[in-house]
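Note that the coordinates shown come from a computational prediction; the quantities given were computed from them, not determined experimentally.
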Amino acid sequence: MTPHLLITDDDDALRQSLGEAMQRHGFQVMLAADGQEALELVQATEIHLALVDVHMPRISGLQLIERLRGSDVQVPCILMSAALDETIRHEAELMHVFRVIDKPFRLAEISQTVRQGLAEHYGWAG
């Protein structure tokens with residue numbers, strides 16, 4: 001089975017390039033420009049892991065994760081941001097975010113973190 005990733009970021013260039021790179025790594029990828037789009041995708045299709053930017057219009061990354069945690073969808077989330085602080089890290093910890101990653105990041109770091117999340121939550125190796 002191919003893992004389904006959701007990449008949610010309001011930076012179009014980052015979202016597209018990260019999506020293409022993760023597809024080359026063998027993942028099925030869905031893209032969302034903000035938290036509202038992400039919620040709609042999660043309700044319409046199966047998602048195994050979400051990469052989520054913190055600062056987005058309409059629904060922020062933390063608000064998205066909070067809504068996911070309050071629903072039937074229990075998907076591991078990796079939170080990404082160029083402007084992380086202790087408050088965001090603490091909120092992420094309280095919401096049981098799988099990992100918090102600083103931007104800019106290396107593709108190898110994201111790919112490895114995604115694989116770790118899938119291994120820990122589903123027992124998938126690869």
*asked:* Applying side-chain contact (heavy atoms from CB on, under 4.5 Å) to Arg99 and Leu79, what does each step give before you reach the verdict?
replied: CA-CA 6 Å; Arg99 291 279 189 282; Leu79 194 64; over 6 Å; no
Quick one, [X] and [Y] - any side-chain contact, counting heavy atoms below 4.5 Å?
X	Y	answer
Asp9	Leu18	no
Leu51	Met80	yes
Phe27	Ile7	no
Leu49	Cys77	no
Ile59	Asp34	no

_Salt-bridge criterion met for Arg89 and Asp102 (N-O under 4.0 Å)_ =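 Asp102 and Arg89: salt-bridged.
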_Less than 4.0 angstrom from a charged side-chain N to a carboxylate O is my criterion; do Arg58 and Asp10 meet it?_
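Salt bridge: no.
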_Could you check whether Gln36 and Glu40, counting side-chain N and O atoms only, form a donor-acceptor pair closer than 3.5 Å?_
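Looking only at side-chain atoms, Gln36 and Glu40 do form a donor-acceptor pair, the distance falling under 3.5 Å.
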*Using a cut-off of 6.0 Å, state whether more than 12 heavy atoms not belonging to Glu66 lie near its atom CD.*
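Count not over threshold, so no.
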*Please say whether more than 12 non-hydrogen atoms of neighbouring residues, nucleotides or ligands are located less than 6.0 Å from CD in Gln74.*
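Yes, enclosed.
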*Please, which pairs that meet ring pair (Phe, Tyr, Trp, His ring centres under 6.0 Å) have at least one residue in residues 34-82, sequence neighbours excluded?*
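Of all non-adjacent pairs touching residues 34-82, those that pass ring pair (Phe, Tyr, Trp, His ring centres under 6.0 Å) are His4-His48, His48-Tyr122, His48-Trp124.
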*Atom CD in Gln28, atom CD in Glu46: separation rounded to 0.5 Å?*
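Between atom CD of Gln28 and atom CD of Glu46 there are 11.0 Å.
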*Could you go through the side-chain contact (heavy atoms from CB on, under 4.5 Å) check for Thr8 and Asp53 one step at a time?*
CA-CA 6 Å; Thr8 306; Asp53 184 35; over 6 Å; no
*Show your working on side-chain contact (heavy atoms from CB on, under 4.5 Å) between His25 and Leu107 and close with a plain yes or no.*
CA-CA 10 Å; His25 282 257; Leu107 180 57; 4.0 Å; yes
*Test side-chain contact (heavy atoms from CB on, under 4.5 Å) applied to Leu41 and Leu39, step by step*: CA-CA 5 Å; Leu41 280 169; Leu39 279 175; over 6 Å; no
